[in-house]
2 protein chains.
Amino acid sequence: MSRVTNPRAYPIGALSRETGVNIETIRYYEKIGLMPRPDRTPGGNRQYTHDHLKRLSFIRKSRDLGFSIAEIRSLLGMVDQHEVSCGEVHRMTLQHLAAVRDKIAALRKLETVLEAMAAKCARGDVPACPVIDTLFDQAGA
Amino acid sequence: MSRVTNPRAYPIGALSRETGVNIETIRYYEKIGLMPRPDRTPGGNRQYTHDHLKRLSFIRKSRDLGFSIAEIRSLLGMVDQHEVSCGEVHRMTLQHLAAVRDKIAALRKLETVLEAMAAKCARGDVPACPVIDTLFDQAGA
DNA sequence: CTTGCATCTGTAGTTGCTACAGGTGCCACA
DNA sequence: TGTGGCACCTGTAGCAACTACAGATGCAAG
């Protein structure tokens, strides 16, 4: 009985390193119920398993893909209930894809406007600033 | 002396309508010092002038272009001090443009990945969900 | 003078974390 | 066996940029 801690368990720091998710963020995910509460050492330190690692990686990747916490919760909910409805997942993916495309389109417009503004004063310092003028021009949309 | 309120002044609701900025947001901008405190009616209601309208429109447009509150504060600071350094404004615009382009590039990548994921299950409901599988694949980056 | 919408203040909630403060656990090394 | 010191603990507050109340007044028209 020399070992009190499970040799196959990771402390939170290891999980953090492996997944690239901040320690505070891991605890935050636990608080909001996205990650299950892990076992603790007698002293109270969290002990994670490989399953936790897989789950956290899933969350991390989904976040990287821009899924919201709510969306991830819904995806994991299906996984947890062993009721992965591929149709539903597909629908969520497409919906998210549409949102991403909208965002790209909006940013492109923005890019164009910014380019135009920048181009106006590209010739150096002039008394009146064209960028400021543009922003102050007519009261609204 | 029949009129107590200035006929050339707008109440906050009118300013909101003209600029498309939420009433609560206008008060918020005042609280954080982005908008100056307007005069009040004897009863305490805010009375805005055309200058306020111009300034708020400026803020609105800048926000629409994705400038942060801090950036707008800096732009307005130059305006307020009658020291509009066109070079500095130009620099800020270009910097912001670069950030926008970075964001577009990131979203494009994301779009590609999401498309690929969605395409995998486009053929209908299959026992294992390819999207979930992709997200669960190998533990990390 | 009443009706009722417009405004008022102040606080709390949103999303997704991050950053403390002030305390313990754990483990290797002597 | 003791101790140094990093890892970890809880809990709270802060970030951006608002939004959403609650509960109290202002103001103008009929």
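Naming: A, B, ... by sequence-line order, numbering from 1 per chain. Just the heavy atoms: all of them, side chains too, but no hydrogens, waters or symmetry mates, feed the values below.
For B:Asn45, counting side-chain heavy atoms from C-beta on, the closest listed nucleotide (D:dA17, D:dC9, D:dC27) is D:dC27.
Rounded to an integer number of Å, the gap from CD1 of B:Ile32 to C1' of D:dC18 is 9 Å. Atom P of nucleotide D:dA7 and atom OH of A:Tyr48 are separated by 16 Å, given to the nearest angstrom. When rounded to the nearest whole Å, the span between OH of A:Tyr28 and C1' of D:dC8 equals 21 Å. Atom-to-atom, CZ of A:Arg73 to P of C:dC17 comes out at 12 Å; the value is rounded to the nearest Å. Computed from coordinates, the B:Ile12 CD1 to D:dT25 P distance equals 19 Å when rounded to whole Å. The OH atom of B:Tyr29 sits 13 Å away from the P atom of D:dA16 (whole-angstrom rounding). Taking atom OH on A:Tyr10 and atom P on C:dC26, their separation rounds to 19 Å, with Å as the unit. Distance A:Lys31 NZ to D:dG11 C1': 8 Å, rounded to the nearest Å.
Residue-level contact check: A:Ile23 touches the backbone only, with heavy atoms under 4.0 Å from sugar-phosphate atoms and none from bases. Among the atoms of the strands shown, none is found under 4.0 Å from any heavy atom of A:Arg17. When heavy atoms are screened at a 4.0 angstrom cut-off, B:Arg63 is found touching the sugar-phosphate backbone but no base atom.
Under 4.0 Å is where a charged nitrogen must lie from a carboxylate oxygen, and between A:Asp80 and A:Arg55 at least one such pair does. For B:Arg101 and A:Glu115, the salt-bridge test passes: some basic side-chain N is under 4.0 Å from an acidic carboxylate O. Residues B:Glu88 and B:Arg91 are paired through a salt bridge, judged by an N-O separation under 4.0 Å between the basic side chain and the carboxylate.
The residue among A:Pro11 and B:Ile69 whose nearest nucleotide of DNA chain D lies closer to the 5′ end is A:Pro11. Each of A:Glu24 and B:Gly43 lies near DNA chain D, and the nucleotide nearest A:Glu24 is the one positioned closer to the 5' end.
For the pair A:Arg46 and D:dC9, the criterion of a side-chain N or O lying under 4.0 Å from OP1 or OP2 is met.
Taking the six-membered ring wherever Trp is involved, the centroid distance between the rings of B:Phe136 and A:Phe58 falls below 6.0 Å.
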Quiz prompt | A:Leu53 and A:His50: CA distance, side-chain angles, deciding distance, side-chain contact (heavy atoms from CB on, under 4.5 Å) verdict | solution = CA-CA 5 Å; A:Leu53 181 65; A:His50 190 67; 3.7 Å; yes
